[in-house]
Amino acid sequence: MRFIKRKIIVSVAAVAVAAFLGGYSYFRLTHFNQQVSINGLNVGGLTAKQALSKLKNYQVTQTIYLKGEVLEHHQRSSSGFSNQDLAKIKSLVKKQWTFLPSAKKKQFLVEPKTTGDKQTKSVQAELKSKLQQLNRKRTAPVDAQAVFSYGKVTITAPKAGNQYNVDRLLKQYEKQQYLPKVKLTVKYLQPLKASSSQVQTEKQKLLALKDRTVSYQVQETKYNLATKDLLKKGYLPRR
């Protein structure tokens with residue numbers, strides 16, 4: 001009798017443990033860890049559907065920083081997320097899965113399927129305009145240049161400036177455009193160096209021009225005219 005009771009107790013305990021482990025495993029497989037965020041929004045403890053619902057209702061107030069200082073603020077009318085993004089969110093649940101609860105911070109950046117191009121283009125246009133405005137008060141770089149001067153072809157030294165490289169900064173923004181905080185790393189416009197293919201091509205063209213001669217005849221007299229005798233100083237204009 002005691003044996004039967006013991007067997008029943010063990011069986012019940014085994015069932016209880018199995019049920020607990022099954023429920024625990026299911027919970028771990030379907031919920032985010034506590035310190036997980038998507039596009040800057042914490043989704044810890046939520047299922048994929050719950051996380052998507054939170055993202056869909058997320059009103060993004062975006063701040064753009066340059067050199068650690070606030071450059072612009074933007075209020076997006078929507079986060080751009082829709083039911084079409086559920087598969088992406090589910091894949092992140094699997095990606096961040098750990099058997100035991102984890103307090104490790106994980107940040108995911110997800111581009112919504114419906115990106116809201118009008119909003120994105122509007123912010124990019126404003127950011128571009130702001131950077132161009134700032135550049136008007138900054139010094140432009142000066143490219144190295146091939147120069148013909150009194151029979152010789154030389155290359156002027158480049159000069160650095162401090163104007164922002166707008167295109168590179170906009171590309172940085174594109175990679176962070178769905179985050180509430182966008183941190184841009186300063187990139188400056190760089191002058192063409194003397195070793196650049198463009199400057200070296202200009203040099204070769206001037207060298208070829210320097211040695212060019214033209215023959216012409218006036219009545220019975222023939223004249224030879226050399227470029228170097230006419231052109232004392234100049235350079236090839238750039239378009």
Side-chain angles (χ1 to χ4, degrees), residues 32-44 51-52 54-56 58-81 85 88-89 91-92 95-96 102-145 155-200 238:
F32 283 103
N33 280 310
Q34 290 300 319
Q35 296 299 317
V36 176
S37 63
I38 299 176
N39 292 9
L41 181 66
N42 185 278
V43 293
L52 179 59
K54 189 174 182 179
L55 287 164
K56 285 164 64 177
Y58 184 32
Q59 297 297 313
V60 182
T61 300
Q62 189 176 70
T63 305
I64 303 175
Y65 295 87
L66 181 64
K67 294 191 297 185
E69 297 181 358
V70 176
L71 186 63
E72 284 191 313
H73 286 291
H74 293 282
Q75 179 69 50
R76 286 176 172 265
S77 59
S78 70
S79 64
F81 282 93
D85 299 301
K88 290 181 181 179
I89 308 303
S91 69
L92 294 183
K95 190 173 183 179
Q96 60 86 58
S102 173
K104 184 179 179 180
K105 287 187 177 181
K106 284 193 176 182
Q107 299 183 19
F108 294 108
L109 186 60
V110 176
E111 180 179 347
K113 198 164 187 178
T114 306
T115 56
D117 286 339
K118 288 185 179 179
Q119 290 189 79
T120 299
K121 288 179 180 178
S122 175
V123 175
Q124 287 177 330
E126 288 182 32
L127 178 58
K128 182 178 181 179
S129 177
K130 178 70 173 181
L131 291 169
Q132 289 174 335
Q133 183 181 352
L134 291 173
N135 271 347
R136 293 191 190 105
K137 298 180 181 180
R138 305 178 79 84
T139 304
V142 179
D143 296 337
Q145 198 162 24
I155 296 178
T156 61
K159 294 180 181 179
N162 65 349
Q163 283 191 340
Y164 298 125
N165 189 320
V166 176
D167 289 339
R168 291 189 66 182
L169 289 173
L170 287 175
K171 286 181 180 179
Q172 284 187 41
Y173 174 78
E174 286 178 8
K175 295 178 179 179
Q176 305 176 64
Q177 61 183 299
Y178 301 107
L179 294 174
K181 290 185 179 180
V182 175
K183 297 179 181 179
L184 302 179
T185 302
V186 176
K187 299 293 180 184
Y188 296 112
L189 287 172
Q190 298 299 315
L192 281 175
K193 296 181 179 179
S195 59
S196 71
S197 59
Q198 184 174 341
V199 175
Q200 289 301 314
R238 290 174 181 163

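Only a predicted model underlies this, so the values are computations on that prediction, with no experimental measurement involved.
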Side-chain touch L109/L179, heavy atoms, less than 4.5 angstrom: yes

N39 side chain vs P180 backbone, donor-acceptor pair below 3.5 Å: no

Partner set under side-chain hydrogen bond (donor to acceptor under 3.5 Å, both in side chains) for E72, not counting sequence neighbours: H74

Within-4.5 Å side-chain heavy-atom neighbours: L66 and L131: yes

For Y65 against K181, the heavy-atom pair lying closest together: CE1-CG, 4.2 Å

E111 backbone acceptor or donor facing K88 side chain under 3.5 Å: yes

CZ-CD distance between R168 and Q190, expressed to the nearest 0.5 angstrom: 8.0 Å

Under 3.5 Å: donor-acceptor pair, side chain of Q75, backbone of Q62: no

Atom pair CG (L169) and CG (N165), whose distance is rounded to the nearest 0.5 Å: 6.5 Å

N42 (side chain) donor-acceptor with G44 (main chain) under 3.5 angstrom: yes

Sequence-distant partners of K128, side-chain contact (heavy atoms from CB on, under 4.5 Å), two or more places apart: Q132, V166, L170

Heavy-atom pair with the smallest gap, counting every atom of A144 and K193: CB-C, 3.8 Å

For S91, side-chain contact (heavy atoms from CB on, under 4.5 Å) partners two or more places apart: none

Flag, side chain of Q177 to backbone of E174, donor-acceptor distance under 3.5 Å: yes

Side-chain donor/acceptor of N135 to backbone N/O of Y164, under 3.5 Å: yes

Approximate separation, where rounding is to 0.5 Å, of H73 NE2 and I64 CD1: 10.0 Å

Side chain N33, main chain K104, donor-acceptor under 3.5 Å: no

Heavy-atom check, side chain of K106 versus side chain of K95, under 4.5 Å: no

Least distance between heavy atoms, F81 atom then K56 atom: O-CG, 3.4 Å

Side chain to side chain contact (heavy atoms under 4.5 Å, CB included) between T156 and V142, worked out: CA-CA 10 Å; T156 61; V142 179; over 6 Å; no

CG-CD distance between L192 and Q145, expressed to the nearest 0.5 angstrom: 9.5 Å

The single option from T63, V182, L134 passing side-chain contact (heavy atoms from CB on, under 4.5 Å) against L71: L134

Gap separating the CD atom of Q35 from the CD atom of Q107, nearest 0.5 angstrom: 10.0 Å

Min side-chain heavy-atom separation K159-P191 under 4.5 Å: no

Positive for side-chain contact (heavy atoms from CB on, under 4.5 Å) with V43, one of V36, I89, L52: V36

Separation between OG of S79 and CG of L41, rounded to the nearest 0.5 Å: 9.0 Å

